[in-house]
Protein chains: 2
Amino acid sequence: MNAVGIRQVAEHAGVSPGTVSNVLNRPEKVSASTRARVEASIRELGFVRHGSASTLRAGHSKTVGLSVIDIGNPFFTDVTAGVEDVASDRGYAVILSNSAGSRSKEERNLLVLAEQRVRGVLITPSDEDPEPLDRLRERGINVVLVDHPAHRADQCSVAVNDVTGGQTAVAHLLSGGAARLAYVTGPLSIRQCLDRRTGAERALRGRPLRVLEMPAMTPRAGQQAAEKLLSEGDPPDAVFCANDLLALGMLRGLLHAGVRVPDDVALIGYDDIDFAAASAVSLTSIRQPTYQLGRVATELLLDECDNPGTHAHQQIMFQPELVVRESTR
Amino acid sequence: MNAVGIRQVAEHAGVSPGTVSNVLNRPEKVSASTRARVEASIRELGFVRHGSASTLRAGHSKTVGLSVIDIGNPFFTDVTAGVEDVASDRGYAVILSNSAGSRSKEERNLLVLAEQRVRGVLITPSDEDPEPLDRLRERGINVVLVDHPAHRADQCSVAVNDVTGGQTAVAHLLSGGAARLAYVTGPLSIRQCLDRRTGAERALRGRPLRVLEMPAMTPRAGQQAAEKLLSEGDPPDAVFCANDLLALGMLRGLLHAGVRVPDDVALIGYDDIDFAAASAVSLTSIRQPTYQLGRVATELLLDECDNPGTHAHQQIMFQPELVVRESTR
DNA sequence: AGGGAGTTCTAAAACGTTTCAATGCAGATC
DNA sequence: GATCTGCATTGAAACGTTTTAGAACTCCCT
């Protein structure tokens, strides 16, 4: 087993445990020669610091938690990549947990994170209730909201303007000559879906919008939505999907039924995931700075952790961007 | 701050800290009445166990590490889902780390896991070197290989037979009348890519196979491969891609150039990710029991952790399965 | 020679749990 | 009433670090 602790290293190097700790945590406090000796011993004995002992004594760990809604959605994997890159650069480890849209799972995950005494938590909340997050804060765990505006002023958040995004999407469809629009969305209890609809309506200025609310935001649901739209009379000539997974399913459903895209129906998605550009009729979409979202959120969180005195809370709102491809040309 | 520890709970409930610990860890040792009293105090004070202190004293944590090669690949997100479900059921937390194909990143991540004193590690290794894994084992951290056969007999692994998979794929293409085959793959230093080629060659029994090795396994790389194949003379009439991301890019590249799929070129991918069924020409693919892979690997690992005495090491090999869709019909 | 200022290192006390031997107590047996 | 048995609870030690006050040493100045 791994019986080599700071104590053994100290003995091997002929110094006290305290000095070894200094080499580990404040190398500048130790003379070059002893430091070299200690470092050699560490390598030779294969010493690995006991993170728990360290956390226990120091009172805080070098880990942050990341809680996402659906790790299967490329949007969140991109965010995750951004988080990991920054955290890893600054010597923090990331504990990733997936709430899979379930509130109870999210709460259990947050409890685990609290037990691990993570330094902070990055979270895309699965609902609007601020209570679990406030509880974390009471315990001294910093919280940054990802893809969701902050509930309160003394909290950081990084989000993208979904109202603008919805508006841009629909304005683009209208400028292409669309007249009968449909919005295919996931549950409207999800803030993102709701905001995008609000944006869509704003662009329409009172003209009608057919809203089709699906229970999930997956390709399968998108395809079912296509079947539904086509089976009812008066099919739309333009469809705005609340995310690219829905849009890809919609695309497949339309093509399968012999509907030409974009000639018969123009189609626009949301998120601009990789697969959007790679689909057979490449998908027009609303791009979000996904990777940046993760990066910036993590930078805010770690700043809050490392400089609690000078840290200024920020609510950052990015603007989404239209990416035109074949599905609306 | 969170100054409420087991000590405060004990005081509040009028018992000793040892009893509180027993309520937490072996509730059956405590009489029903005191247990109820202690549990009430825990709730009332909002006590959260300090995981580090617990790990330090107990010598082991309730966490496992999961190290994957590319969290952006739906194959690995599916595996992750399986891992999470089992771990969560058994009270373990999962620390997810992404090696992004980089050996040095993998090593850094494993070090973090070792520092955290995870109980075990699930890993899809990014290369063939068993040394980092052996080092973990020396430190008493159990290791289960995922999607990779074990290096040694006293180690668990869960994999899928990639040679059979490659053979099945190419046999299917041949039975559809294909004569000029190409294999589009990622780096052949990756075992999976290599094995699938071996299987392909086995099905071909000496007939020629054009191998196109791309540096990445992404849709973009697949599209580039399509351009390359079409620009050279004598294009293939059937293409086998080493994964679905490549295949989706290939599909787009082919369609874009006016090549009909499957009429002009039959196409088969590997992994059967969700997007394979949702693409415009739905993709024939080799399905792997991805979610099961994660589940079974985790069950093996936790069995090894919880019953070190009776645990029998197993090297499990699943068989892949052909899923025929439009791209080869 | 004595003493002050730096520098480098040490010793010992925490951190919050778990564990285990020991204690106390109630009921059963003689 | 004395002794035993078994159960519920306690108290204190231990886990491997970090941290802090201060010891030991060196160098330099008067």
Side-chain angles (χ1 to χ4, degrees), chain A residues 1-39 41-42 45-63 91 112 114-119 139-140, chain B residues 1-39 41-42 45-63 91 112 114-119 139-140:
Chain A
M1 270 303 210
N2 183 21
V4 36
I6 220 176
R7 213 180 185 77
Q8 283 70 35
V9 174
E11 198 170 332
H12 186 272
V15 297
S16 81
T19 301
V20 178
S21 174
N22 280 335
V23 170
L24 255 31
N25 301 304
R26 330 193 208 11
E28 76 283 359
K29 293 269 165 204
V30 176
S31 76
S33 67
T34 38
R35 185 183 351 162
R37 202 148 31 94
V38 170
E39 278 165 351
S41 296
I42 287 178
L45 299 179
F47 165 77
V48 176
R49 171 217 249 101
H50 196 307
S52 301
S54 163
T55 298
L56 172 58
R57 175 62 236 232
H60 55 82
S61 69
K62 278 291 216 177
T63 55
V112 170
E115 284 194 353
Q116 296 295 310
R117 292 302 193 272
V118 293
R119 200 69 186 282
R139 298 209 174 99
Chain B
M1 267 308 208
N2 181 24
V4 37
I6 220 175
R7 214 181 185 76
Q8 283 70 36
V9 174
E11 199 170 334
H12 185 273
V15 297
S16 81
T19 300
V20 178
S21 174
N22 280 335
V23 170
L24 255 30
N25 302 305
R26 328 183 191 33
E28 76 284 358
K29 293 268 165 202
V30 176
S31 76
S33 68
T34 38
R35 185 180 353 163
R37 201 148 32 93
V38 170
E39 278 166 352
S41 298
I42 287 178
L45 299 179
F47 165 77
V48 175
R49 172 216 248 100
H50 196 307
S52 301
S54 162
T55 298
L56 172 58
R57 176 60 236 231
H60 55 83
S61 68
K62 278 291 216 176
T63 56
V112 170
E115 285 192 354
Q116 296 295 311
R117 292 303 192 270
V118 294
R119 200 67 186 283
R139 298 207 174 100

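Everything quoted here is computed from the prediction, not taken from an experiment. Protein chains get the first letters and strands the later ones, always in sequence-line order, with residue 1 at the start of each.
One can place CZ of B/Arg7 at 12 Å from P of C/dA14, the figure rounded to the nearest angstrom. When rounded to the nearest whole Å, the span between CG of A/Leu24 and P of D/dG16 equals 15 Å. Whole-Å rounding puts the A/His50 NE2 to D/dC15 P distance at 11 Å. One atom, CD1 of A/Ile42, and another, P of D/dT17, lie 10 Å apart when rounded to the nearest Å. Distance A/Lys62 NZ to D/dT17 P: 17 Å, rounded to the nearest Å. Summarising the geometry, the separation between CD1 on B/Ile6 and C1' on D/dT10 is reported as 13 Å, rounded to the nearest angstrom. Here the C1' atom of nucleotide D/dT17 and the CG atom of A/Leu56 are 8 Å apart, to the nearest Å. Rounded to whole angstrom, the span from the CG atom of A/Asn22 across to the P atom of D/dA21 amounts to 14 Å.
In the region residues 26-37 of chain B, proximity to DNA chain D at under 4.0 angstrom, judged on heavy atoms, holds for B/Val30, B/Ser31, B/Thr34.
Expressed to the nearest 0.5 Å, how far CD1 of B/Ile6 lies from OG1 of B/Thr19 amounts to 9.5 Å. Rounded to the nearest 0.5 Å, atoms OG (A/Ser52) and CD (B/Gln116) are 6.5 Å apart.
Taking only distance into account, the side chain of A/Arg57 never meets the base of D/dT17 through a donor-acceptor pair shorter than 3.5 Å.
The shortest side-chain heavy-atom distance between A/Val9 and A/Arg49 does not fall under the 4.5 Å cut-off. Counting heavy atoms from C-beta outward, A/Thr34 and A/Arg37 have side chains that approach closer than 4.5 Å. A/Arg35 is not listed as a side-chain neighbour of A/Asn22, based on a closest heavy-atom distance of 4.5 Å or more. A/Val30 has its side chain out of reach of A/Val38: every pair of non-hydrogen atoms, C-beta onward, lies at least 4.5 Å apart.
Nearer the 5' end of DNA chain D, as judged by each residue's closest nucleotide, is the contact made by B/Val15, out of B/Ala58 and B/Val15.
Phosphate contact (OP1/OP2 of D/dT10, side-chain N/O of B/Thr19, threshold under 4.0 Å): present. For D/dT10, the OP1/OP2 oxygens have a side-chain nitrogen or oxygen of B/Ser16 closer than 4.0 Å. A close approach under 4.0 Å does not occur between any side-chain nitrogen or oxygen of A/Ser21 and OP1 or OP2 of D/dT17.
For the pair B/Gln8 (side chain) and B/Gly5 (backbone), a donor-acceptor distance under 3.5 Å is present. Put simply, the side chain of B/Ser61 gets close to the backbone of B/Arg117: a donor and an acceptor are under 3.5 Å apart.
Considering every non-hydrogen atom in both A/His12 and A/Ser41, the closest pair reads ND1-OG, 2.8 Å.
In this structure, the helix from C/dA1-D/dT30 to C/dC30-D/dG1 shows an angle of 60° between the axis at its start and the axis at its end, each fitted on 5 base pairs and rounded to 10°.
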